[in-house]
Amino acid sequence: MKTSPMQAGAGLSRRNVLMAGAAAGTLAACGARKGRAFLSSDTHPPDYPTVTAVDEMARILRERTAGRLDIKTYAGGQLGSERDTLEITVFGGLDMNRVNLAPLNAIEPVTTVPALPFLFRSNAHMRRALDSAIGDEILASLTRHDLIGLCFYDSGDRNFYNTKRPIYTPADMKGMKIRVPNSDLYVSMIKALGADATPMSLAEVYQSLVQGVIDGAENNWPSYESGRHFEVAPYYTLSHHVIAPEVLVMSKRRWDKLDKADQDLVRQAAKESVPFMRRNWDAEVEEARTKLLAAGVKVNEIADPSAFAAAMRPVWEKYVVSADQKRLVRQIEAMAEAG
Ligand code: GTR
């Protein structure tokens, strides 16, 4: 049975949600007085490509409305984890939120599709699929949960890293405690490999690696670098097991207060921030990789990725259950040919 983000870890997160909600409420009140800049949250630092993409969207909005519409991003997870801030966004305490697809999995089942392991063959395949009607359909599926899906951003491919040893086969992961985002799908993926999955927010990962609460995690090059996880977990294994996008959402409560012309401006500015983000993303991946190799990170390829794909395949059956999910999977697979 799926848990809602409110149910999952409710005891632990309730205080955080309330605190972040109160902070966001105060900020929203200040923002309203100063001409209502949209308040947005991001778990990454200010120079990360998701944050600068939303800054670019803000610049476009200011330019087109003579400063009437604007966005203020609270970066670096200041307002709380993605799961907690999403809840706040749903009830209108925050206007916008840039999150990964993972925390949305518990809210809307079709969002599990682009997060399936080994679904996209490449970043180009993901971009092609999400730039098509498939992407629009997935963004629109959020509306019934009081979120307006504005656009997808890149997140590259996720790879395993750990404190112990290089991973070559699923057997090398046996018994390892691997952190995953708060998503049942990710928990199942790790269990399917014979490892132990520990869901937690990104902000807790560094300390948990240091303390040995977890042995490893999985993420793209820029997150591995910007969170400094490489300092404690130097084995980075190129498993490329998930290529899932980031998502920029807006609270439907805030959206409904905008007139149609402003809604169009917001959608258009979000759309135009995507190519900006992609350019920065590609550069950021290269920069992070170069920096980490120079820092002595021990990177290894996997000779037979099909062993990982086969082990993780049962999660497809578990999570792809509705007719819509099955159709989306078929449509995405049909777009794989061009690489
Ligand atoms: C990053 C992503 C974040 C967050 C993080 C995580 O790649 O950009 O939004 O989801 O992964 O693993 O928690």
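One-based numbering, in listed order, for ligands and for the atoms of each. All values below come from the heavy atoms of this structure, side chains included, with hydrogens, waters and symmetry mates left out.
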Axial cation check for Trp316 ring with Arg313, 6.0 Å and 45° limits: yes

Check whether Tyr74 and Phe91 end up in the same hydrophobic cluster, where Ile, Leu, Val, Met, Phe, Trp and Tyr are linked by side-chain heavy atoms less than 4.5 Å apart. yes

Go through the side-chain N and O atoms of Ser155 and Asn220 and say whether any donor and acceptor fall under 3.5 Å apart. yes

Can you name the residues that form a side chain to side chain contact (heavy atoms under 4.5 Å, CB included) with Glu231, not counting sequence neighbours? Tyr206, Arg228

Tell me, which pairs form a ring-ring contact (aromatic ring centres under 6.0 Å, His included) where one or both residues lie in residues 132-160, sequence neighbours left out? Phe160-His241

Test side chain to side chain contact (heavy atoms under 4.5 Å, CB included) applied to Asn219 - qualifying residues, sequence neighbours left out: Arg158, Tyr161, Arg179, Leu202, Ser223

Show me, by chain and number, every protein residue that has a heavy-atom distance under 4.0 Å to ligand 1. Thr43, His44, Glu82, Arg98, Asn100, Ser155, Arg158, Arg179, Pro181, Leu202, Asn219, Asn220, Ser223, Glu246

